[in-house]
Amino acid sequence: MTGKAGRLHGKVLLVTGASSGIGAAAARICAAEGAKVVLVARRGKRLDDLAADLVAQGAEALPVVADVTRPEQTLGAVRAAVERYGRLDGAFNNAGYGEPRSPLHLLPEASYDAIMDVNVRGVWNCLRAQIPALLAAGGGSVVNTSSVGGLVATPVAAPYVAAKHAVIGLTRAAAAEYGTLGIRVNALAPGATRTEMLDDWIAACPEVGPRVRSTGMLQRTAAAEEVARVAAWLLSDEASFVTGAVVPVDGGAVAL
């Protein structure tokens, strides 16, 4: 893995939620496309292992342990990127959290708080930390991970649906505010994707497994890499006229 001719060659990109799933897949793809990747998550051992693997393949990677719900830690991650590589060119704000599904009236308040804190406040904290660095670099690209749950209603997942709708609102607002300053902001809306979060949900609600595994027009779940490739494209200059967009990566689920 050298990525010297890749479409992300030389870019400094920060990826949150990089220790697993879509985030880890995006880090690998961005590194393969020539980016210097800053890996951000709470699980340090996983970050270290991923960074070591990327470096062994000829990429540049910096692991930073941080919790996106803590503004000082998201700011610290951005500072670490700038101190190591001199600038920040883009970010994939992918860290997310979903509790096992529950009817709204039975969901504990603490679960609501945790879902909103990671999925909404986390993106808010990341944007606030990243935008000054992107402005200093003359512009850049941000991709936020929403969900098909941010586009359509999903039963027994009210706080998650609300949070992912909010991510789309933040994305569009930031795109409108910073477009003339050279910063593009877009959102992904993944459908059912084979990650630890999906596995945990199916384990908690096994009756939904068959339905989840055959959603959308393609009648299957996505590999994390299939979603991550779209994020990498949005981060690249090939998507230079795309901003304020919400891109479903869902096998056609929301089109049905």
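Every value quoted in this text rests on a predicted model; they were computed, and no experiment measured them.
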Given side chains that start at C-beta, do those of [X] and [Y] come closer than 4.5 Å, heavy atoms only?
X	Y	answer
V142	V185	yes
L14	V64	no
V156	P103	yes
R28	Q57	yes
Y178	I131	yes

When hydrophobic residues are tied together by side-chain contacts of less than 4.5 Å, even through go-betweens, does [X] share a cluster with [Y]?
X	Y	answer
I22	L8	yes
V123	V247	no
L62	V12	yes
L181	L170	yes
V78	V37	no

What's the spacing between [X] [atom1] and [Y] [atom2] if we round to 0.5 Å?
X	Y	atom1	atom2	answer
S236	K11	OG	NZ	7.5 Å
I115	Y97	CD1	OH	6.5 Å
L88	L13	CG	CG	7.5 Å
K45	L50	NZ	CG	11.5 Å
S141	W233	OG	CH2	10.0 Å
D53	D48	CG	CG	12.5 Å

Could you tell me which non-hydrogen atom of [X] sits nearest to which non-hydrogen atom of [Y], and how far apart they are?
X	Y	value
A66	V40	CB-CG1, 3.8 Å
G140	L134	CA-CD2, 4.2 Å
G44	V65	CA-CG2, 3.5 Å
P159	L107	CG-CD2, 3.1 Å
R7	E33	N-OE1, 3.0 Å
K164	G149	CB-C, 4.1 Å

Are the side chain of [X] and the backbone N or O of [Y] linked by a donor-acceptor pair below 3.5 Å?
X	Y	answer
R184	V242	yes
S146	V167	no
N186	G244	yes

Would you mind listing every side chain to side chain donor-acceptor pair (under 3.5 Å) that reaches into residues 84-96, with sequence neighbours excluded?
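Sorted result for residues 84-96: R87-D89, N93-Q130, N93-N144, N94-T145.
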Criterion side-chain contact (heavy atoms from CB on, under 4.5 Å) on F92 and L235, from CA distance to verdict
CA-CA 8 Å; F92 181 30; L235 290 167; 4.2 Å; yes
Determine whether more than 12 heavy atoms belonging to other residues, nucleotides or ligands lie under 6.0 Å from atom CG of L218.
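Yes, enclosed.
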Checking one residue: [X]. Which other hydrophobic residues are in its cluster under the side-chain 4.5 Å linking rule?
X	value
I29	none
V148	L151, V152, I168, V246, V254
L106	none

Consider side-chain hydrogen bond (donor to acceptor under 3.5 Å, both in side chains). Of R43, R42, R46, which one does S19 pass it with?
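For S19, the side-chain hydrogen bond (donor to acceptor under 3.5 Å, both in side chains) check succeeds only for R43.
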Identify all side-chain donor-acceptor contacts of residues 69-76 below 3.5 Å with residues at least two apart in sequence or on another chain.
unit_1: T69; atom_1: OG1; unit_2: D67; atom_2: OD1; d: 2.8
unit_1: T69; atom_1: OG1; unit_2: D67; atom_2: OD2; d: 3.3
unit_1: R70; atom_1: NE; unit_2: E72; atom_2: OE2; d: 3.0
unit_1: R70; atom_1: NH2; unit_2: E72; atom_2: OE2; d: 2.8
unit_1: Q73; atom_1: OE1; unit_2: D67; atom_2: N; d: 2.7
unit_1: T74; atom_1: OG1; unit_2: P71; atom_2: O; d: 2.9

Just to verify, what does A51 make a side-chain contact (heavy atoms from CB on, under 4.5 Å) with, not counting sequence neighbours?
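Result, side-chain contact (heavy atoms from CB on, under 4.5 Å) vs A51: L39, A61, P63.
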